[in-house]
Amino acid sequence: MIVISRNVSLADSEVEITAIRAQGAGGQHVNKASTAIHLRFDIRASSLPEYYKERLLAASHHLLTSDGMIVIKAQEYRSQELNREAALSRLVAVIQELTTEQKSRRATRPTRASKERRLSAKSQKSTVKSLRGKIRRPQE
């Protein structure tokens with residue numbers, strides 16, 4: 001059982017996990033053992049609520065394919081079990097990230113005091129810059 005939130009969870013059978021050989025350097029261990037994990041999750045065929053499915057399918061994310069699959073490859077650990085746990089936690093994180101409701105921004109206006117501070121700083125900067133010019137001697 002994969003827990004997404006208090007009310008939402010997935011059965012282990014909904015996630016397809018395959019062990020593959022990891023990429024990169026590592027010597028004989030990498031060449032012999034299939035420690036990397038390839039996780040595939042079909043959003044449309046899952047038991048997620050409709051709201052979650054709509055949000056996930058509408059989202060744009062590098063782990064989402066065009067046909068509604070989430071594909072995760074975990075190979076950061078030398079152990080297959082640790083990579084499996086890492087892939088499942090990344091799946092949960094992606095689902096939570098894409099289904100959280102963003103707070104709408106409320107427009108605010110600057111206060112009178114902040115406007116006055118800005119204008120006084122502007123005039124102060126202006127006087128400093130005007131004093132940088134050449135000194136002109138009064139004509140005699």
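- Between Val71 and His38, some side-chain heavy-atom pair lies under the 4.5 Å cut-off.
- The two residues Arg78 and Thr35 come nearest to each other via the heavy atoms O-CG2, 3.1 Å.
- Distance check, rounded to the nearest 0.5 Å: CD of Gln80 to CD1 of Ile17 gives 9.5 Å.
- Counting all heavy atoms, side chain and backbone alike, Leu57 lies closest to Gly68 at CD2-CA, 3.7 Å.
- No path of Ile, Leu, Val, Met, Phe, Trp and Tyr side chains, each step under 4.5 Å between heavy atoms, connects Tyr77 with Leu88, placing them in separate hydrophobic clusters.
- When every heavy atom of Arg21 is checked against every heavy atom of Ser34, the shortest pair comes out as CG-OG, 3.8 Å.
- Side-chain contact check for Leu48 versus Leu56: some heavy-atom pair is nearer than 4.5 Å.
- Within 6.0 Å of CD on Glu97 lie more than 12 heavy atoms contributed by other residues, nucleotides or ligands.
- The shortest non-hydrogen separation linking Glu14 to Phe41 is O-CD1, 3.7 Å.
- Distance CD1/Ile37 to NZ/Lys73: 11.5 Å, rounded to 0.5 Å.
- Between the Arg55 side chain and the Thr100 main chain, a donor and an acceptor come within less than 3.5 Å of each other.
- Residue-environment remark: CD (Gln124) stays at or below the threshold of 12 foreign heavy atoms within 6.0 Å.
- In this structure the side chain of Ile43 reaches within 4.5 angstrom of the side chain of Lys53, judged on heavy atoms.
- The CZ atom of Arg40 lies 11.5 Å from the CD1 atom of Ile72; values are rounded to the nearest 0.5 Å.
- The shortest side-chain heavy-atom distance between Leu10 and Ser47 falls under the 4.5 Å cut-off.
- Both Leu91 and Tyr51 sit in one connected hydrophobic cluster of ILVMFWY residues. Membership requires side-chain heavy atoms under 4.5 Å apart, directly or through other members.
- A distance of 9.5 Å separates CZ of Arg112 from NZ of Lys115, quoted to the nearest 0.5 Å.
- Partners of Glu85 by side chain to side chain contact (heavy atoms under 4.5 Å, CB included), not counting sequence neighbours, listed by chain and number: Glu81, Leu82.
- For the pair Ile4/Thr99, no side-chain contact is recorded, criterion being any heavy-atom separation below 4.5 Å from C-beta on.
- For the atom pair Asp42 CG and Met69 CE, the distance stands at 5.0 Å (nearest 0.5 Å).
- Closest approach of Ala22 to Gln75, counting heavy atoms only: CA-OE1, 3.6 Å.
- Under the 4.5 Å side-chain heavy-atom criterion for Ile, Leu, Val, Met, Phe, Trp and Tyr, Leu39 and Val3 are members of distinct hydrophobic clusters.
- Rounded to the nearest 0.5 angstrom, Ser13 OG and Met1 CE are separated by 9.5 Å.
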